[in-house]
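Below is one structure, written out as structure tokens, with a few remarks after it.
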Amino acid sequence: MASDLDFSPPEVPEPTFLENLLRYGLFLGAIFQLICVLAIIVPVPKSHEVEAEPSEPRSVEVTRKPKAAALSASKRPKKEAKKKR
């Protein structure tokens with residue numbers, strides 16, 4: 001009975017070039033995703049950009065104010081036209 005059992009490893013074909021390329025590409029993609037997730041989770045101190053940040057919101061506010069003025073200017077002629085009727 002012991003002579004009937006075959007304990008030799010099964011024959012597995014060698015992976016082809018495309019299978020290897022797919023396998024290593026998936027590994028590289030997984031590593032890239034882990035790096036991206038860690039970059040979001042772990043904060044990096046930015047010493048140079050912290051000094052520049054206070055000036056940036058001022059410039060953003062300056063760009064927002066003309067937009068609001070342009071919107072209010074476009075609404076005024078419409079109101080004046082309604083008054084003329």
Side-chain angles (χ1 to χ4, degrees):
M1 184 162 176
S3 62
D4 294 341
L5 296 176
D6 185 20
F7 291 110
S8 63
E11 294 182 14
V12 178
E14 297 257 343
T16 63
F17 175 73
L18 291 176
E19 290 173 345
N20 281 333
L21 184 67
L22 180 64
R23 176 184 296 144
Y24 292 120
L26 289 172
F27 280 127
L28 288 175
I31 291 169
F32 178 74
Q33 287 182 356
L34 288 174
I35 290 171
C36 290
V37 169
L38 288 175
I40 293 171
I41 294 173
V42 179
V44 178
K46 300 177 182 178
S47 60
H48 297 293
E49 292 185 14
V50 171
E51 297 171 358
E53 282 183 12
S55 63
E56 289 177 5
R58 292 178 190 163
S59 64
V60 172
E61 290 175 5
V62 171
T63 56
R64 288 183 183 172
K65 288 179 182 177
K67 289 180 182 178
L71 290 174
S72 63
S74 66
K75 291 181 180 178
R76 287 180 185 162
K78 291 179 181 177
K79 290 180 181 178
E80 292 174 6
K82 290 181 180 178
K83 290 179 182 177
K84 291 178 183 178
R85 291 184 187 169

Legend entry - Min side-chain heavy-atom separation F32-L28 under 4.5 Å: no
Inset, instruction - Please name the pair of heavy atoms, one in P15 and one in E19, separated by the smallest distance, quoted to 0.1 Å. - result: CA-OE1, 3.2 Å
Legend entry - Side-chain donor/acceptor of Q33 to backbone N/O of A30, under 3.5 Å: no
Inset, instruction - Report the distance from atom CG of L26 to atom CD1 of I31, rounding to the nearest 0.5 Å. - result: 11.0 Å
